[in-house]
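For reference, the structure is listed below as structure tokens.
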Number of protein chains: 2
Amino acid sequence: MSSTSNYSTPPCAACKFLRRKCLPSCVFAPYFPPEEPIKFTTVHKVFGASNVSKLLNEIQPHQREDAVNSLAYEAEARLKDPVYGCVGAISVLQRQVLRLQKELDATNADLMRYANNNNNNNNFQYGRRMVNSGYYNYSSAWNNGISGGHNNIGTDNCDGGR
Amino acid sequence: MSSTSNYSTPPCAACKFLRRKCLPSCVFAPYFPPEEPIKFTTVHKVFGASNVSKLLNEIQPHQREDAVNSLAYEAEARLKDPVYGCVGAISVLQRQVLRLQKELDATNADLMRYANNNNNNNNFQYGRRMVNSGYYNYSSAWNNGISGGHNNIGTDNCDGGR
């Protein structure tokens, strides 16, 4: 009789939930530790265990942790907001970008106007570079989302631009 | 013999894909028309038909179109970028917000400095309101995502703030 048999590694959260033996080759084990059961149940509820397993097996091992975390983030967002999920966050951020860009343009215009109103000849640099060119544009995907709340979300362009 | 039997409504894209009879009560039919088969296969591949069906049945009918479109957007993003999906877009937008905010702060500082450097007494208004207070903060969810690319995505806060 070996006393170590009582100290075997506990199954990962996924295998425990799915009531299956957690083998050393388990694709879930490194990312769903037993002490974080909710992480797996959340992902499972939204994406399904088999879809997650398939996805993890299709990407490189060094990318899996990021993939699991982004899936968990999306899943949690979907459970909190079943209608928009984390797409709602994209919409909010897009509006924030537009507002900031508008504010920046107006501030630059103030600066230019102020400079023009003064006839002194000091060498103060006015008018910062405009950052429009670097604007991350999701408008093709969210044309209506930006102008009219979350209605009519487009699905034709969700390229992360990376 | 009725000649109209050849003109019955075709099954929706979901029922056609799942090879089942498309009943008038089909929850997919209004959102997955037969002429858009890819919309359903994309959503099915990422979320699974039964999860989508369950989600649609749990929300109000008037919210279902938005839900399907946001699911389709998320699914398409996940197929294009299996590691980050549309969470990558959130990360990019967050960085864009931070950059714009920094740019706006610097421009406001320029404006203030310019005003202080001039001793004339005109009544020009300088220093636009700062928009920091309205900043949509995902930092608790994306602390590391913002500063170090997409690594170590947190999952503890994905509230859309709505």
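Note on naming: letters A, B, ... go to the chains in the order of the sequence lines (proteins, then strands), and numbering restarts at 1 for each one. This is a predicted model, so every value here is computed, not measured.
Comparing B:L55, B:T42, B:I59, B:V46 by heavy-atom pairs within less than 4.5 Å of chain A, the highest count is held by B:V46.
With a 4.5 Å cut-off on non-hydrogen atoms, B:L71 touches chain A through its backbone and its side chain both. For B:K45, the part sitting under 4.5 Å from any heavy atom of chain A is the backbone (N, CA, C, O) and nothing else. For a residue to count as touching a neighbouring chain, one of its non-hydrogen atoms must lie under 4.5 Å from one of that chain's; by this rule A:H44 touches chain B with the backbone only.
Salt bridge status for B:E103 with B:R99: absent, with no side-chain N to carboxylate O gap under 4.0 Å. A salt bridge links B:D110 to B:R113: one of the charged nitrogens lies within less than 4.0 Å of a carboxylate oxygen.
Closest approach of B:R78 and A:A67 over heavy atoms only: NH1-O, 4.2 Å.
Annotation: side chain to side chain contact (heavy atoms under 4.5 Å, CB included) contacts of A:T41 (sequence neighbours excluded): A:F17, A:I38.
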